[in-house]
Amino acid sequence: MATAVIMPQVGQDIETATIVDWVKKENDPIQKGDIIVTVESDKATFDVEAYESGVLLKILYKEGDEVRVLTPIAYIGQPGEKIVTDAHPADIPSVPAADNIVPSMAEPKREHRGPVASPSAKRLAREKSIDLKTVTGTGPGGRITKENVLNAAESTIGTEAEEVIPFSPMRAKIAKRLTHSKQTIPHFILFANIDMTEANTWRKQFNESQGVKITVTDMVVKAVASTLYEFPHMNAHVAHDKIILKKAVNVGVAVSVTDGLAVPVIADANTKTLIQISQESRKNTEAIRKGKLLSNAIGSFTVSNLGMHAVNMFLPIINPPECAILALGQAVEKPAVVNGALCIRRIMTATLACDHRAVDGTDAARFMEAIKQHLEIPTRFEE
């Protein structure tokens, strides 16, 4: 029986994605693991792989079409096999694009939201602040090309006295999500000063002995991941009138990109070593800044660090449906009393924002205290 290839859902609140490039064509032989098609969402471009071998029997959408996630975009089967599209969904196997995907076998409705443009044209339009609705496409089927955007940009030079920057899809998504967060989530904020003196010394020695480049963010992610397992209400999602305690500890790390902010996730961070977390975080950052997403795991907690930009502290906004986010400032030298003696220590201010619907003040304070202890006694990272 033919198998449906499903348009994957990559991230929360992603409703559609666009077909960018069919790597395989109809009747092409396919091996398990082959890349079938490249698709693009508001957040990233990613590849869809074949989960079984056979022949690409039918392609349901052409390049440039925008398709609702979790619906079929093609069928794989054996040569000459007929495609049955009116069968009960449970009777038709599907290619799993992610663990949480439940395929729909109804013939997908073709959707078109705005002009069709190549990924390079979209990126250039964002850089040049060009509204694609004002650009005439000369590519196949009226597709907007990079050259069309360049021509449009040249024609606008000197015509405006002030610059107008339309929201890009990513910026629009950020605006919508964070506005919703501030308007609907009752935030409460906790602060803690963490003495990073010993942690910084330990980190430098560890990097030299292991030949690695562990960052402060890596250490915090490891400390958070180890602590979240002990505080299930911090590792949770809030959905209307209920709290969903997440079994997987998936820590998102906020990363600045060209037109906003992305939060790639380190899945099952509590099961990984500090070196593994550092390596995965670096790969995630490099990929997301190139428009790629290496994992479609859904985050359960977010860490945001602005300390490298000489920021002492800041108030973060919760990334819904998560119920907490930890923000980090720079570690600065401050006078402190240690064992009754006045000395200079490197102090970092950490800010924890919590959703009061799911988290109480006492639990949040205990959670912050546990992270503080983990970082101030860095030998715990060797356990």
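Throughout, numbering of the chain's residues begins at 1 and tracks the sequence.
- For H233 and F367, the gap between ring centers reaches or exceeds 6.0 Å.
- To the nearest 0.5 Å, atom CG of residue N270 and atom CD of residue E230 are 10.5 Å apart.
- For the pair V303/L328, a side-chain contact is recorded, criterion being any heavy-atom separation below 4.5 Å from C-beta on.
- For N235 against A248, the heavy-atom pair with the smallest separation is ND2-O, 3.2 Å.
- Every residue two or more places apart in sequence or in another chain was checked for a side-chain hydrogen bond (donor to acceptor under 3.5 Å, both in side chains) with K58, and none qualifies.
- Connectivity analysis of hydrophobic side chains (ILVMFWY, heavy atoms under 4.5 Å, direct or indirect) links V265 to nothing; its cluster partners are none.
- The one candidate from I130, L132, I144, V149 that meets the side-chain contact (heavy atoms from CB on, under 4.5 Å) condition with K122 is L132.
- Contact annotation: the side chain of L352 approaches that of M234 to within less than 4.5 Å [non-hydrogen atoms, C-beta and beyond].
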Steps toward side chain to side chain contact (heavy atoms under 4.5 Å, CB included) verdict (V332, N312): CA-CA 8 Å; V332 297; N312 289 339; 3.9 Å; yes
side-chain hydrogen bond (donor to acceptor under 3.5 Å, both in side chains) evaluation trace for S300 with N250: CA-CA 5 Å; S300 56; N250 297 338; 5.4 Å; no
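- Between G329 and M348, the closest heavy-atom pair is O-CG, 3.3 Å.
- Contact record, R68 with T71: O-OG1, 2.6 Å, taken as the closest heavy-atom pair.
- In this structure a side-chain-to-backbone donor-acceptor pair under 3.5 Å is missing from R282 to I277.
- Contact of the F206 side chain with the V212 side chain is registered, since non-hydrogen atoms from C-beta on lie closer than 4.5 Å.
- Defined by atom type and a distance below 3.5 Å, a donor-acceptor pair is missing between the side-chain atoms of D131 and T134.
- Applying the side-chain hydrogen bond (donor to acceptor under 3.5 Å, both in side chains) criterion to N305, with sequence neighbours excluded, gives T217.
- For the pair F191/M368, no side-chain contact is recorded, criterion being any heavy-atom separation below 4.5 Å from C-beta on.
- The cluster map of Ile, Leu, Val, Met, Phe, Trp and Tyr, joined by side-chain heavy atoms under 4.5 Å apart, puts V255 and L261 in the same cluster.
- For D195 and T197, the side-chain atoms include at least one donor-acceptor pair closer than 3.5 Å.
- Side-chain contact between L375 and F381: present, with at least one pair of heavy atoms (C-beta onward) separated by less than 4.5 Å.
- For the pair T285 (side chain) and S281 (backbone), a donor-acceptor distance under 3.5 Å is present.
- Taking both residues in full, the closest heavy atoms of I243 and A358 are given as CD1-CA, 3.7 Å, listed atom of the first, atom of the second, then distance.
- In the model, T38 has no side-chain atom that pairs as donor or acceptor with a side-chain atom of D21 under 3.5 Å.
- The neighbour count for K25 NZ, taken as heavy atoms of other residues, nucleotides or ligands under 6.0 Å away, is above 12.
- For the residue pair T18/E40, the side-chain donor-acceptor check at 3.5 Å is not satisfied.
- For K32 and E52, the salt-bridge test fails: no basic side-chain N is under 4.0 Å from an acidic carboxylate O.
- Remark: side-chain polar atoms of R357 are not paired, donor with acceptor, to backbone N or O of P186 under 3.5 angstrom.
- Side-chain atoms of Q276 and S278, non-hydrogen and from C-beta on, never get closer than 4.5 Å to each other.
- Both I59 and Y75 belong to a common hydrophobic cluster when Ile, Leu, Val, Met, Phe, Trp and Tyr are linked at side-chain heavy-atom distances under 4.5 angstrom.
- Remark: R366 engages D363 in a salt bridge, criterion side-chain N to carboxylate O under 4.0 Å.
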Please step through salt bridge (Lys or Arg N to Asp or Glu O under 4.0 Å) for the pair K24 and D34, ending with a clear verdict. CA-CA 9 Å; K24 298 292 186 178; D34 284 352; 3.8 Å; yes
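- At a threshold of 4.0 Å, the pair E280-K272 counts as salt-bridged, since one of the basic side-chain nitrogens sits closer than that to a carboxylate oxygen.
- Of the N and O atoms on the side chains of T349 and N193, at least one donor lies less than 3.5 Å from an acceptor on the other residue.
- Residues I36 and W22 are in side-chain contact: their nearest non-hydrogen atoms beyond the backbone lie under 4.5 Å apart.
- Judged by distance alone, the side chain of H374 and the main-chain N or O of V224 form no donor-acceptor pair under 3.5 Å.
- Distance check: R346 CZ to T201 OG1 gives 9.5 Å after rounding to the nearest 0.5 Å.
- The aromatic rings of F188 and H356 are tilted relative to each other, their planes meeting at an angle between 30° and 60°.
- N148 and T145 share a donor-acceptor pair across their side chains, judged by distance under 3.5 Å alone.
- In this structure, K372 pairs ionically with E376, as a charged nitrogen and a carboxylate oxygen lie closer than 4.0 Å.
- Contact of the V5 side chain with the I76 side chain is registered, since non-hydrogen atoms from C-beta on lie closer than 4.5 Å.
- Side chain of Q330 to backbone of M308: no donor-acceptor contact under 3.5 angstrom is found.
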Test K62 against D65 for salt bridge (Lys or Arg N to Asp or Glu O under 4.0 Å), laying out the working first. CA-CA 6 Å; K62 65 180 182 296; D65 282 352; 3.2 Å; yes
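- Taken from CZ in F301 to CG in L228, the straight-line distance is 5.5 Å, to the nearest 0.5 Å.
- From I194, atom CD1 reaches atom CD1 of I371 across 7.0 Å, with rounding to the nearest 0.5 Å.
- The two residues Q210 and I275 have their closest heavy-atom pair at OE1-CD1, 4.3 Å.
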